[in-house]
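Worksheet: one structure, shown below.
Every chain is numbered from 1 and lettered A, B, ... according to where its sequence line falls, protein lines coming before strand lines.
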Amino acid sequence: MAAATSSQKITVRKFQVHSNFERFAYLFMRMSGVGLLILAVGHMLIQHVLNSSANLTIEFVAAQWNSWGWKVYDILLLWLAIPHGINGLRNILEDYIHNPTTVKLINRLLALFVVATVIWATIGMALFDASKFQ
Amino acid sequence: MSSLILTIRESLRYRGRSGHVSWMAHRVSGIAILTFLVIHVWDTANAHFWPQAYAWSVAFFKYPLVAVGELVIMAAVLYHAFNGIRITILDFKPEWWMHQQRSATIVWAIFLVLFIPIAIYMFSGIVGHCSELAAHGSTCWQIPPFSDFAKYAN
Amino acid sequence: MAEVKTHSFDAIIVGAGGAGLMAALYASREVNVAVISKLYPTRSHTGAAQGGIGAALGNIEEDRWEWHAYDTVKGSDYLADQDAVDVLCKEAIDTVIELEHMGLPFDRFPNGKISQRRFGGHTNNETGKPVQRACHAADRTGHMILQTLYQQCIKNKVNFFDEFHVVDLIRVGDTVRGVVAVEISTGDFHVFHSKAVLFATGGWGRCWEVTSNAHSLTGDGAAICVRRGIPMEDMEFFQFHPTGIYRLGILITEGVRGEGGVLLNSKGERFMEKYAPSIKDLASRDVVSRAIFLEIQAGRGINGENYVHLDITPETVNKYLAEAGESRRITREYVEAKLPDIADFTRTYLGVDPVKEPMPIQPTAHYAMGGIPTDVDGRVVLDQNNKVLAGLYAAGECACVSVHGANRLGTNSLVDLVVFGRRSGVHMAQYCKEAEKLPLPKNPVDEVMAEFDRIRNGSGGAKPYELRKQMQKTMTDNVGVFRTDETISKAVDDLRLLRAEYNRNIQIDDKGARFNTDLLEAWELGCLLELAEITAVSALNRTESRGGHARDDYPKRNDVDWLKHTLCFSENGKLRLDYKPVVIGRYQPKERVY
Amino acid sequence: MKVDLRVRRFNPEKDQKPWWGEYTLEKVRATDTVLDLLHRIKWEQDGTLTLRRSCAHGVCGSDALRINGANMLACKTLVTRLTKDNNYARIQVEPILGMQIIKDLVVDMEPFFDHYRSVMPYFVNDNPLPANGRERLQSQEDRARFDDTTKCILCAACTSSCPSFWANEKYIGPAAIVQAHRFIFDTRDEAFEERLEVVGDTFGVWRCRTNFNCSNACPREIEVTRAIAEVKMALTTGKI
Ligand SMILES: Cc1cc2nc3c(=O)[nH]c(=O)nc-3n(C[C@H](O)[C@H](O)[C@H](O)COP(=O)(O)OP(=O)(O)OC[C@H]3O[C@@H](n4cnc5c(N)ncnc54)[C@H](O)[C@@H]3O)c2cc1C
Ligand code: HEM
Ligand code: SF4
Ligand code: F3S
Ligand code: FES
């Protein structure tokens with residue numbers, strides 16, 4: 001049968017997709033994954049290979065964050081990585097924890113944690129005043 | 001809980017092929033990165049909110065043992081990233097199904113090609129650091145004393 | 001364990017193969033039905049049927065149901081009841097269309113219609129050439145039928161009792177009151193109280209050594225009926241399919257030959273040219289099986305062993321197509337696409353790649369033409385006057401309508417399942433609406449429970465496996481493709497000894513209640529032995545050769561004495577034979593040549 | 001050749017916990033299947049060994065087992081496939097994972113079939129039938145799109161090889177998705193929206209982590225993960 005396949009003769013049907021959170025989360029994991037490939041891998045290479053933690057000083061950090069470019073880079077990384085990672089954790093926990101009430105509770109806590117972390121760290125980075133350290 | 005233990009045990013016992021191994025590696029690396037990332041993010045935020053604490057952690061990250069951890073995270077990110085892309089591609093291109101075995105191998109190959117030089121480079125850094133420490137009469141295996149923190153906090 | 005649960009339904013259907021499910025689908029629209037099956041329905045052996053379902057749709061070339069009917073009658077060696085054959089072939093068309101409407105994914109012709117192919121014995125009556133009549137879904141037609149019917153049963157919320165092993169029929173005088181079943185997972189006995197019962201329990205190929213039949217095909221329904229006083233019709237006619245995988249018996253569908261495959265002996269000769277000059281490899285099954293057997297006997301088996309080659313490699317097939325002046329040619333891809341499962345079987349089990357090498361094959365015990373006698377509405381009949389036992393039905397392979405007579409044509413069993421499954425379902429529903437539910441007798445399970453206890457507690461040292469092996473051996477050696485007075489008598493003697501051993505000395509290992517397959521297998525062996533003996537006794541008496549019953553000592557068909565159906569009754573442990581006339585219609589018996 | 005078999009045994013009627021039965025078989029042919037070996041144990045050595053089987057050639061789906069660590073059908077697994085040695089093999093047989101054990105190698109299939117039933121595994125088309133009383137037409141190309149998933153024999157080898165299913169039996173599992181795929185991609189079927197609703201739900205396709213154990217286990221060589229991905233894509237793009 002496979003041999004007979006030609007693309008024009010295939011009937012394509014359209015339908016209304018009903019969104020649900022799982023579908024959104026699935027797509028988000030993949031989209032953010034692509035973003036993270038550049039941001040996270042880049043970050044690791046720059047911070048941990050080209051520079052190493054052994055030579056890290058607060059002055060170095062200050063120098064980098066003096067530029068808004070780096071600030072935005074890191075903030076973006078933050079915004080993608082934390083929701084991605086926590087949603088990944090949620091996937092894993094939901095595999096093993098089956099009590100719906102517990103799952104709901106955990107999900108609330110995780111959501112709270114994402115929001116708190118993202119806000120806190122964003123403020124931290126955005127308001128970081130490099131001049132203090134130079 | 002029993003399901004957790006059973007699942008982990010059977011995941012290890014099941015003789016799956018490359019996809020199964022990749023899945024385990026992806027999961028473990030994801031958790032590893034997340035653990036590190038959460039610490040790292042809160043810590044970095046301290047640069048603004050609590051610079052003394054941040055100064056301590058900068059010092060903390062200099063310990064060679066911690067640097068080994070850094071190497072592990074590096075491995076995790078590299079593998080997780082490329083395997084994540086592989087999963088994404090296979091999910092979005094069902095018709096490439098037949099490449100699944102090979103794709104898993106390719107991801108490992110890419111990972112090793114990138115990681116080995118990086119590891120050598122980073123490891124030599126650690127060794128260098130160790131010999132520096134040795135010159136000062138301290139040892140490489142030193143565990144960072146938490147009491148230091150009080151010092152920085154002032 | 002001794003707890004007995006009782007359930008009440010209008011109708012009980014025993015068996016969830018094609019026949020049982022089709023009946024269930026129809027009956028459950030009208031009345032309250034339960035389907036009881038010892039296997040999960042999708043595991044029934046209908047799922048193994050490969051080649052196709054015959055119906056004169058005429059989707060690619062002219063075809064008529066009358067031609068189908070003639071082919072069927074001729075195939076049956078004129079032993080089929082022609083009124084029933086007419087019903088079969090006429091309704092085949094509607095039923096196949098109906099299956100398509102239920103979603104069955106048939107292969108398609110380029111014009112979008114159901115794809116059909118050639119099959120043994122199916123011809124254009126005017127030209128005598130093979131006709132494309134077998135509607136198919138690759139080589140898993142039976143699988144698709146089974147799945148589709150089960151799916152529709154789920155849709156219609158049919159009640160299923162899966163993995164319940166029916167072990168007895170509750171018959172009181174000339175009425176039926178239900179069945180007794182063992183819940184396999186617990187070992188509990190259940191009584192199913194009903195107005196009507198349909199048996200659709202499939203065949204009993206496991207009486208023989210080399211068979212295409214599943215391990216579960218042990219003729220339970222037929223044996224239960226025998227024990228409850230119902231005769232068995234035409235049991236001497238058992239079909240040996242010519243092309244089973246050597247030693248394993250796994251079937252290689254006739255569709256292979258339908259697509260152009262040829263049979264070759266050790267000299268590389270296409271020997272069917274000798275035995276059936278006009279349609280050669282597509283002659284009916286009994287003819288081809290005998291031809292293979294004779295080739296082997298003449299020392300022309302491959303490497304002197306008892307098998308020959310079935311060749312579907314494009315090189316060979318195209319050579320013969322060219323010789324025959326046909327324009328059609330086949331390619332490896334075509335074979336892969338049309339016969340994917342066959343290719344998989346031979347690769348898995350033989351390490352033979354059918355697009356590159358020929359497959360080793362030998363005849364394999366395949367199909368019971370005989371069985372529980374019924375009329376065209378599936379009602380079980382009790383004697384030569386066709387006296388109906390109200391409320392009792394049978395359909396599918398375990399029944400004998402008789403549309404297959406002495407030899408079934410390929411694709412006709414699947415038609416039989418759906419056509420007579422449907423008719424029984426409809427009739428049974430009607431019957432249940434009118435009939436009253438009669439009370440259960442006292443202690444309906446006692447008898448069979450005692451038999452189970454006997455098997456469970458037996459200590460005579462006779463292992464079911466040993467007895468089964470001996471039965472299969474004697475049946476293969478003595479009641480196989482060819483038989484003689486001498487061999488059959490030997491089989492009858494052996495079987496009597498084996499049955500005595502079974503009744504006296506059976507012993508099993510598993511004494512538990514839960515999922516005791518040791519016990520159930522032993523009980524199934526009892527059914528097989530019962531049917532094997534009936535087969536041998538029926539065969540011994542029929543001193544002629546007809547269809548699947550080929551006797552070396554009586555090589556000719558004898559219409560004067562033997563144009564009649566055998567009925568074998570079991571009475572107080574003794575078998576008694578009787579006969580009933582064949583219904584002849586448009587086609588007068590004549591010599592059968594292909 | 002000689003084969004040492006280790007078979008996971010458990011009869012809740014008398015055993016406190018599962019144990020390994022050890023059996024040695026002589027004169028095994030390399031072309032024997034694992035089902036043949038299990039039959040020999042049952043018939044020649046220990047009749048209490050319990051397993052399901054019927055067709056003995058991989059079409060009924062009764063005997064999905066975990067053989068040497070991975071899921072396969074006992075009747076389709078030849079001894080040669082499990083050893084490179086011509087004279088000796090060690091084979092380990094366990095029931096499939098994630099389902100309650102009824103006895104020895106027999107597991108409770110009901111939850112599996114519940115998932116199967118949840119995806120509406122049946123053809124729905126309430127439109128009027130063709131006026132000429134004949135079949136609905138379908139192009140060969142449209143027919144080919146779901147050919148692969150019509151092959152499923154519901155053996156559960158896939159579902160019980162999936163770590164997402166081991167972890168959480170509420171996941172409907174690859175087999176149910178394969179069944180849904182068979183209908184979703186059949187152009188004659190009209191219930192695809194409802195069906196997609198089911199498989200797109202929390203315990204549907206999104207639980208699949210693209211692990212491929214299912215595809216590797218499938219004895220019918222169905223491209224299971226591909227079918228799942230096609231359903232995911234349909235849910236992502238709104239197009240089938
Ligand atoms: C390999 C093979 C290929 C074939 N190919 C073709 C073909 O191409 N074309 C064709 O027309 N025919 C073919 N046939 C023949 C045809 O498939 C069978 O004759 C037909 O499927 C029998 O169907 P059935 O419904 O009567 O029984 P089955 O499908 O055998 O079902 C029997 C049912 O009865 C149940 N059962 C049995 N005993 C009990 C009991 N004691 N208690 C409860 N339930 C019980 C079983 O669980 C099962 O559900 C083939 C047969 C085989 C073996
Ligand atoms: C670098 C680029 C990254 C890519 C391409 C990527 C990709 C993915 C993808 C596609 C998934 C979904 C897997 C699935 O649903 O089966 C996933 C899961 C996950 N990711 Fe990432 N990711 C990346 C970085 C990260 C980072 C930085 C973290 C940590 C914060 C992380 C943590 C996780 C976790 C915990 C999971 C869940 C694993 C599981 O379900 O088994 N990932 N990743
Ligand atoms: S998809 Fe394959 S493995 Fe899964 S149930 Fe169907 S046949 Fe078995
Ligand atoms: S094993 Fe499970 S994770 Fe997906 S690819 Fe198969 S369903
Ligand atoms: S016994 Fe039927 S699939 Fe193995």
For this session: Show your reasoning for whether salt bridge (Lys or Arg N to Asp or Glu O under 4.0 Å) applies to D:D104 and D:K42.
Result: CA-CA 12 Å; D:D104 292 349; D:K42 183 173 179 61; over 6 Å; no
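- For residues 125-134 of chain D, no pair satisfies salt bridge (charged side-chain N to carboxylate O under 4.0 Å, His left out), with sequence neighbours left out.
- No other option in D:E110, D:R81, D:K14 has as many heavy-atom pairs under 4.5 Å with chain C as D:E110.
- Heavy-atom pairs under 4.5 Å with chain C were tallied for D:N125, D:T31, D:D108, D:I153; the largest tally goes to D:I153.
- Interface with chain D: from residues 150-157 of chain C, residues C:Y150, C:Q151, C:Q152, C:I154, C:K155 qualify, criterion being any non-hydrogen pair under 4.5 Å.
- Contacts with chain C were tallied for D:E221, D:E44, D:K76; D:K76 has the most, counting heavy-atom pairs under 4.5 Å.
- Ion pairing of C:E100 with D:R143 is absent here, as no side-chain N (NZ or NE/NH1/NH2) approaches a carboxylate O to less than 4.0 Å.
- The contact between C:L57 and chain D is made by backbone and side chain atoms together, counting heavy-atom distances below 4.5 Å.
- Panel note: side chain D:T159, backbone D:A175; a donor-acceptor pair is recorded below 3.5 Å.
- Comparing C:H101, C:R140, C:K469 by heavy-atom pairs within less than 4.5 Å of chain D, the highest count is held by C:H101.
- For a residue to count as touching a neighbouring chain, one of its non-hydrogen atoms must lie under 4.5 Å from one of that chain's; by this rule D:T33 touches chain C with the side chain only.
- The existence of a salt bridge linking C:E524 and C:R206 is excluded, since no basic side-chain nitrogen approaches an acidic carboxylate oxygen closer than 4.0 Å.
- A salt bridge does not link D:E94 with D:R8: every distance from a Lys NZ or Arg NE/NH1/NH2 to an Asp or Glu carboxylate oxygen is 4.0 Å or more.
- Heavy atoms of D:M120 lying under 4.5 Å from chain C are absent altogether.
- Of the two parts of D:L78, only the side chain, counted from C-beta on, holds a non-hydrogen atom closer than 4.5 Å to a non-hydrogen atom of chain C.
- Screening residues 118-146 of chain D for ring-ring contact (aromatic ring centres under 6.0 Å, His included), with sequence neighbours left out, gives no hits.
- Look at C:K38 and C:D220 and you find a salt bridge, because one of the NZ, NE, NH1 or NH2 atoms lies within 4.0 Å of a carboxylate O, short of that distance.
- Only the backbone of C:F106 has a heavy atom closer than 4.5 Å to any heavy atom of chain D.
- Residue-environment remark: CD (D:E22) exceeds the threshold of 12 foreign heavy atoms within 6.0 Å.
- Heavy-atom distances place no part of D:D142 under 4.5 Å from chain C, backbone and side chain included.
- Classification of D:R145 and D:E141 as a salt-bridged pair fails, no side-chain N sitting under 4.0 Å from a carboxylate O.
- Contacts of D:K151 with chain C are made by both backbone and side-chain atoms, with heavy-atom separations under 4.5 Å.
- For the residue pair D:L97 and D:S160, the shortest heavy atom distance occurs at O-CB, 3.2 Å.
- When heavy atoms are compared at a cutoff of 4.5 Å, D:L51 approaches chain C solely by way of its backbone atoms N, CA, C and O.
- Among D:G58, D:C152, D:P130, the residue with the largest count of heavy-atom pairs under 4.5 Å with chain C is D:C152.
- A donor-acceptor pair is defined here as one N or O able to donate and one able to accept, closer than 3.5 Å; such a pair exists between the side chain of C:T211 and the backbone of C:A365.
- When the shell of 6.0 Å around NZ of C:K90 is examined, it contains 12 or fewer heavy atoms from other residues, nucleotides or ligands.
- By the 30° and 60° cut-offs, the orientation of the rings of D:H39 relative to D:W43 is parallel.
- The backbone N or O of C:R108 sits nowhere less than 3.5 Å from a side-chain atom of D:Q138 that would complete a donor-acceptor pair.
- If you tally non-hydrogen atom pairs under 4.5 Å between each of C:G47, C:A138, C:P110 and chain D, the highest count goes to C:P110.
- Ranked by non-hydrogen atom pairs under 4.5 Å with chain D, the options C:M144, C:E98, C:H143, C:K113 are led by C:H143.
- Looking at C:K511, its side chain does come within 3.5 Å of a backbone N or O of C:R456 through a donor-acceptor pair.
- Contacts between C:E466 and chain D at a heavy-atom distance below 4.5 Å are absent for every atom of the residue.
- The number of heavy-atom neighbours closer than 6.0 Å to CD of D:Q100, taken from other residues, nucleotides and ligands shown, is 12 or below.
- Among the candidates C:S44, C:S216, C:G249, C:P105, the residue making the largest number of heavy-atom pairs closer than 4.5 Å to chain D is C:P105.
- Of the charged side-chain nitrogens involved, at least one lies within less than 4.0 Å of a carboxylate oxygen, so that D:R29 and D:D32 count as a salt-bridged pair.
- A salt bridge is absent between D:D63 and D:R52; no separation between the charged side-chain nitrogens and carboxylate oxygens falls under 4.0 Å.
- Salt-bridge formation is not detected for the pair D:R220/C:D344: no Lys NZ or Arg NE/NH1/NH2 atom is positioned less than 4.0 Å from an Asp or Glu carboxylate oxygen.
- Residue contact with chain C, scored on non-hydrogen atoms closer than 4.5 Å, involves the backbone and the side chain of D:T150 alike.
- Proximity to chain D involves both the backbone and the side chain of C:F515, based on heavy atoms less than 4.5 angstrom apart.
- For the set C:N516, C:T148, C:I508, C:D341, the entry with the most heavy-atom pairs within less than 4.5 Å of chain D is C:D341.
- Within residues 176-189 of chain D, the residues having any heavy atom under 4.5 Å from a heavy atom of chain C are, by residue number, D:Q179, D:R182, D:F183, D:D186, D:R188.
- Both the backbone and the side chain of D:L154 come within contact range of chain C, each with at least one heavy atom under 4.5 Å from a heavy atom of that chain.
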